[in-house]
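To start, the structure under review is shown below, and the notes come after it.
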Number of protein chains: 2
Amino acid sequence: MKQIDKRQQLVNTALKLFYKKGIHAVGINEILVESGVAKKTLYHHFTSKEALIQACIAERDHSFMTWFIQKCNDNSSTEIFIKQVFDALDEWINDKSVELGSFSGCFFVNSAAEYSDHQNEIKKLCLQHKTHIKHFFEQQLEPLIPDKNQLNSLVGLLLLLKEGCINCAHVMGDKQSALKAKALALVF
Amino acid sequence: MKQIDKRQQLVNTALKLFYKKGIHAVGINEILVESGVAKKTLYHHFTSKEALIQACIAERDHSFMTWFIQKCNDNSSTEIFIKQVFDALDEWINDKSVELGSFSGCFFVNSAAEYSDHQNEIKKLCLQHKTHIKHFFEQQLEPLIPDKNQLNSLVGLLLLLKEGCINCAHVMGDKQSALKAKALALVF
DNA sequence: CGCGAAGTATACAGACTTGTCTACCTGGTT
DNA sequence: AACCAGGTAGACAAGTCTGTATACTTCGCG
C-alpha cells in the first residue's frame with residue numbers, strides 16, 4: 001500500500017464506469033484516463049481486461065452484501081425484516097446510499113446480459129451474487145418461520161419482488177417501486 | 001420484395017444475435033455473415049448500425065406485443081386474465097413459444113443497460129415498450145375493476161411480478177418463477 | 001548507498017470496428 | 001432491347017481496441 005492502493009483505485013473506477021455504461025461499452029484507455037493510472041500498472045495488477053472485470057464483480061458483490069446486511073440486521077420479526085429490505089432498496093433506487101453509486105439497475109443483471117455462454121466465468125459470478133442474496137434471506141428468516149414450505153415461499157416472494165422493483169425502477173423509471181413492493185410483501 | 005425481403009432478413013438475424021449476446025458484443029460483419037447479406041445491402045437499407053439497432057427494437061416490441069396480446073385475449077375475469085399472463089410468461093421462459101426465440105431475459109432491459117444517457121434514443125425505445133405493456137394491462141383490466149385505485153395497484157403488482165419472474169428466470173435460472181408469480185398474483 | 005518493486009509516459013503491434021467505394025450481376029418493367 | 005433498382009463480393013480508409021515494449025522515475029528497506 002503506497003499512498004492509495006492503485007489496484008483498488010482501478011477497480012473502483014472500472015466498476016463505476018462498467019455499472020454506468022455497460023462492460024463492452026467501456027475501453028481500458030477510458031478507465032486509465034479516468035483513474036489517472038498508467039497502462040503498465042494495470043497490466044501489472046491484472047493479466048487482462050477480463051481479470052479486471054472479474055475483480056469488479058467480486059468487489060460489487062462484497063460491497064453490496066456488506067451494505068445490505070447492515071441495513072437488514074434486525075430479524076426480530078418477519079414484518080420488521082421485510083420493511084428493512086424494501087426500505088433499503090428504496091434508498092438505493094433513490095440515490096440515498098452513497099456507497100452504492102448512482103442507481104443504474106442491478107449490476108449483475110446488466111453484466112450477465114452481455115454474455116451469452118452459460119459457462120462464462122463472469123456470468124457464473126453474477127449468478128453467484130443472487131445465491132448470496134437468497135442465502136441471506138433464508139438465514140435471517142429461518143429462526144422466524146419453522147415451516148420449511150412457508151419459508152421457501154416467502155423467500156421466493158421476496159426475491160421476485162426485489163428483482164421486480166429494481167427493474168421497474170431502472171427501465172420504467174418508477175422510483176416508488178420498492179415502496180409498492182414492500183406493501184405487497186407485507187400482505188404475504 | 002424480391003424473394004425474401006433482405007431488410008427483414010437483416011433485422012431478424014441482428015435481433016437474434018443482439019438478444020443472445022448483447023448489442024455491443026455483436027459487430028456488423030457477424031450479422032452479415034450470419035444472414036448471408038452483403039455489406040452494401042445493409043447500408044442501402046440502414047444509414048448506420050444505430051439505425052439497424054432501432055429497427056430491431058421496434059421489431060421486438062411489435063412481435064412481443066402481438067404474441068402477448070394474443071395469449072392474453074380473454075378478460076372475462078381478472079382471475080382468468082392473470083392466469084393467462086403468467087402462463088404466457090412461463091411458456092416464454094421455458095422456450096415453448098418459438099416466435100420469441102430462445103429465452104435470454106428481457107431484450108429491452110438488457111439493451112437499456114448498455115446505454116447510460118437517458119436521452120439516448122435506444123434507451124427511450126426500451127422504456128416505450130414497458131409503457132406499451134402497462135397500457136395493455138390497464139386496457140384489459142379497466143372494464144373489470146371500476147375503482148381507479150384498485151386498478152392501479154393491481155397493474156402495479158402485475159408489472160412488478162412480471163419483471164421479477166423474468167429476471168429470476170434469467171439470472172438465477174429459476175424456470176418456475178412465472179408459476180410462483182402467478183400463485184402470488186392470484187392471492188391479490 | 002544501492003537495489004528492486006511499483007509507478008509514469010508513451011510508442012507500437014496486431015487485430016478488429018464501422019462505413020465507403022469500385023466493379024460486377026440479375027431480373028422485372030417499359 | 002435497354003434500363004435500373006437491388007443485389008453480391010470484397011478491397012480499403014480511418015479509427016478503436018487490447019496488450020506489449022522501452023525508457024525513465026520514485027520510494028522504502030536492508
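Sequence lines set the chain letters: A, B, ... in the order given, protein chains first and strands last, and positions in each chain run from 1.
Hydrophobic clustering, with ILVMFWY side chains joined whenever heavy atoms are under 4.5 angstrom apart, groups A:L186 together with A:F81.
A perpendicular orientation is assigned to the rings of B:H129 and B:H132, their planes being inclined by more than 60° (bins at 30° and 60°).
At least one donor-acceptor pair under 3.5 Å links the side chain of B:E114 to the backbone N or O of B:I23. The backbone N or O of A:S35 lies less than 3.5 Å from a partner atom in the side chain of A:Q9, making a donor-acceptor pair. For B:N94 (side chain) and B:K175 (main-chain N/O), a donor-acceptor pair under 3.5 Å exists by modelled atom type.
We find that CG of A:D5 is positioned 17 Å from P of D:dC27, with the value rounded to whole Å. Atom CD1 in B:I23 sits about 16 Å away from atom P in C:dT17, given to the nearest Å. Taking atom NE2 of B:H44 as the reference point, atom P of D:dA9 lies 17 Å away to the nearest angstrom. For the pair A:F46 CZ and C:dA6 P, the computed distance is 14 Å after rounding to whole Å. A straight line from CD1 of B:I31 to C1' of C:dG19 spans 14 Å, rounded to a whole angstrom. Atoms CG (A:L42) and P (C:dT8) sit 11 Å apart, rounded to a whole Å. In this structure, CG of A:N29 is placed 13 Å from C1' of C:dA9, rounded to the nearest angstrom. Atom CG in A:L32 sits roughly 13 Å away from atom P in C:dT10 (whole-Å rounding).
Checking D:dG7, D:dG19, D:dT8 against the side-chain heavy atoms of A:I28 singles out D:dG19 as nearest. In the set D:dG19, D:dG7, C:dT8, the nucleotide with an atom closest to the side chain of A:V37 is C:dT8.
Phosphate contact (OP1/OP2 of D:dG7, side-chain N/O of B:K6, threshold under 4.0 Å): absent. Taking 4.0 angstrom as the limit, A:S48 places none of its side-chain polar atoms (N or O) nearer than this to OP1 or OP2 of D:dT18.
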Reading 5' to 3' through nucleotides 10-16 of chain D, protein heavy-atom contacts under 4.0 Å coded B for base, S for sugar-phosphate only, - for none = -------

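Among the protein residues, B:H45 comes within range of the sugar-phosphate backbone only, with heavy atoms under 4.0 Å from sugar or phosphate atoms but none that close to a base.
We find that B:K182 and B:D90 are not joined by a salt bridge, their nearest charged nitrogen and carboxylate oxygen being 4.0 Å or further apart.
Exactly one residue among A:F86, A:F103, A:F68 makes a ring-ring contact (aromatic ring centres under 6.0 Å, His included) with A:W92. That residue is A:F103.
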